[in-house]
> 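To start, I am sharing the structure in question, which I have written as structure tokens.
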Amino acid sequence: MDVAHGSTAALISSYVFPNDLHVHWSMMIVLYPYITGLVDGAFIIAALYYLFDVKSLKPVAKFSLLFAFAFLFWATIPLLLHLGRPERNLNMLLTPSPSSAMAGFGYIYAVSMGVLVFIVLFVYRPQLVELRATSKGYLQLLYRALTFDSIDLSEKAIALDGKIIKFLVGIGIPIAAVLHGYVGFIFGGVKANPTWSTPLMPVIFLFSACVSGISAIILAYIVIRKIKGRSIDHGCIRTCVKTLTLFFILAFTFEMLEVFSHSYLKSGYHHMVEGLLNGPLANSFWLWQVKLGSVLPLAILGVMGLIKLKDTLYSSLAAIVSAILLIQVLIMRWNVVIGGQLMSKSARGYTEFHPEWFDKEGILAVIAVMALPFITLFILSKIFPFWSQSNTSKAK
Amino acid sequence: MKILEPSPNLDRRSFIKKVLNGTIAGSLYLAFPIGGNTLDLPEQIPGIKGKPYDIQNQEFAFIVDITRCIGCGSCCVADKREYNVPDGNYRTWVERYVKGFSDEIYVDSPNGGLDGYQTPRDDINEEVRDTFFVPKLCNMCKEAPCVQVCPVGATFTSPDGFVPVDEKRCVGCAYCIQACPYSVRFLHPETKVADKCTWCYHRIRKGLLPACVQVCPTHARKFGSMKDETSEIYKILKGPGVLTVLKKEMGTFPALYYKGARREVI
Amino acid sequence: MNPSYQMRLLLVLASIVVLAAGGLLFKKLLVPKSFGVYGPYRADAIEEEMLVPVRHGTNESCFDCHKYEAKTHKKGRHQTISCEFCHGTFADHVDNNKKIATLPVKKEKEITTLCLKCHNTEIKARSEEVIKTVAMPDHLKVQNVKLTHNCNQCHHVHAPLKYINRAKEITGLMEAGL
């Protein structure tokens, strides 16, 4: 197969199929995996505490469940905004095609929501029963509903709760893995697109999802506690950062393995992928995603892991690394989703993507969709206390 | 009823006009075959018109002969008119390939070939070795990736081997558009559902050829049934000679074959 | 009645099962009837695809009324060209056996542009076996014709060689084999 050689020749011989000029999966499809990724990562923290008994994570365990819930609640919005016919969205539940990865969405989402809601309710039950006793009016009615109208806090009941929580978190992990993994498979299963079609795609998506979720918890914990003037449990931060480091090394390894093995194998349409990464996506990929977004945080995490640092410095670096990684994962989603569509299937050219401001999938819509979970989190904080009683000491 | 404009040789029609008036003429129009009813046309695909259609027992194929395509764009124009295809989207298009002596391939498709190709490319700075036109349309894959990925069953392989889009079911997720290796699908800007070439299924079921096949002046586009052993399609496909498909490595098994396509065609 | 905690949990579980069953019933009611007849799709969609209006006729549908043009066109080199390509679709012209509009006829420079869409030699991809091509304005110069001439001033659009051959007969060029 003759291909374009050299940069100037590539410009002259560049050809994009007439139907390839438009990028169909826009910013909302970048957001959807990002949001479910945050859910997954936050859930990992909760799972480590509730299932694997990592005691140092106690301060953030409940908070990460609420965080996951706040984001999962709004996960359908980017999809509805993207659909050409959102009023027909029930078709996914009514006639899901057995061969389509995307068809799994309706049921996977419903089950994960159900499981997460019940985990939150069981984990918070003792506190909610206490709050029921001290609240009045509609709030009390709400607490009654949330606790199944039971005030039973006997040892037997608590033991039962514990078993249920362990069971739900236990099935929650594979469910969460499918919730985000299937999105990776949606991309990985498209043989027509050379950047997307790889068996590694669900793996890359899952690991970077965990990275984003854990970073979000670290950053949110530090920021919210600082705003409220409360202390930070540095042991908790250290455990979170160690987990983050592990997942990030895995995610970065797989991301780079994908790029380098294609570049080495030089099979199929690799020249298009290389042209993409060295051309339209050069800045976005090499500078922002790899150098600033991955190598820099790896260096910082390396310092944090290998050198003994004072708690306050450690936590500040943790916040900085988390912020960088949150942005890195978003850029990685952008490079995969939108970057992948820039290559024409003619294997001879690239198209361009220009984000709109006022489109239903535009920049303002993206900001609104990302703001909603935080607003939800704020409302949730009024019903479910983020931190347990022992954790409300003032900052030193 | 408005009388059709008479042409010099229409003896039969002028007789009717002179002798009979309005209403009786109206009823007699039913008796005499009057032009203008497509259903009365001689059928272009044998064995379909007026006969029961066995949907489970059909096999159609489409052959594009690149050695005969002159890039006139009739097919693109006919297709756009048959379906009112919105601007900027293409159910079928024609590409121009220019090969230089440096083995560089220059491909373009100005407006999808709708205006034909009226001028040569002026941006090629080397001697031209070979040129040819390649019409593109839906490959009607036997193992279509678009069918595999559609989440709601809006695009499917019908028992007679076609891949239509169910306009009433499609949710506009654009997954099929991502999955098609040949880029023949697009999102209709008005109905917001997926759309693509259907090999003029509505014409085939009436025994007519697809619009693009019918208007092609050089018979570069060919269509027919593999169940009809007298058809040109059968003879070409069963005969010797090289027929290729696009992106064979994708494993889609297209029912669209190319005759005379070079290896540079993707 | 004050159910114990365990009973309440069982009730919650039972209501989830009931909801799921309700969902399945809902699904049964809402899935279109023709779904699943041939496969996991709406079989009616195939019938609906057949209802798309046919807009192009064939040349025969034009010839049924335009018998004069038919005679010329069928004998000429342009017999494979669709009337509708130059003039517009059948559905725009006739509906229900009645003429609903007059189709456009190209004039003057439009004709030349239309001819060159196919007959322009500059586009090298046109094989001589398939189509005769000319380069403009060379063709006019070679034929000793004014450069402002349109194609149809020498060539009958429906039968391009009709006048050319007739002229050759008259001048004896035909007999001379030129």
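Each chain gets a letter, A, B and so on, in the order the sequences are listed, and its residues count up from 1.
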> When rounded to the nearest 0.5 angstrom, what is the spacing between NZ in A/Lys191 and OG1 in B/Thr252?
6.5 Å

> Which residues, numbered in order, of residues 130-160 of chain B come under 4.5 angstrom of chain A by heavy-atom distance?
B/Lys136, B/Pro145, B/Val147, B/Gln148, B/Val149, B/Cys150, B/Pro151, B/Val152, B/Gly153

> What are the two closest heavy atoms between B/Lys192 and A/Gly84, and how far apart are they?
CB-O, 3.3 Å

> To the nearest 0.5 Å, what is the distance between CD1 (B/Ile266) and OH (A/Tyr269)?
5.5 Å

> To the nearest 0.5 Å, what is the distance between SG (B/Cys180) and CZ (A/Phe17)?
9.0 Å

> Determine which residues belonging to residues 78-88 of chain B lie within contact range of chain A, meaning some heavy atom pair is under 4.5 Å apart, and list them by number or answer 'none'.
B/Gly88

> For B/Pro181 versus A/Lys345, what's the shortest heavy-atom pair and its separation?
O-CB, 3.7 Å

> Which answer fits A/Thr95, side chain, backbone, both or neither, if we ask what part of it has an atom under 4.5 Å from a heavy atom of chain B?
both

> Measure the spacing between OG1 of B/Thr191 and CZ of A/Arg85 and express it to the nearest 0.5 Å.
6.5 Å

> Taking all non-hydrogen atoms of both residues into account, name the closest pair between A/Asn91 and B/Arg169 and its distance.
ND2-O, 2.9 Å

> Is A/Gln341 in contact with chain B via its backbone, its side chain, both, or neither, using a 4.5 Å heavy-atom distance?
side chain

> Supply the atom-to-atom distance A/Ile29 CD1 to B/Tyr175 OH, rounded to the nearest 0.5 angstrom.
11.5 Å

> For chain B, which of A/Trp196, A/Phe105, A/Trp25, A/Phe187 has the most heavy-atom pairs under 4.5 Å?
A/Trp25

> How long is the straight-line distance from CZ of A/Arg88 back to SG of B/Cys173, given to the nearest 0.5 Å?
12.0 Å

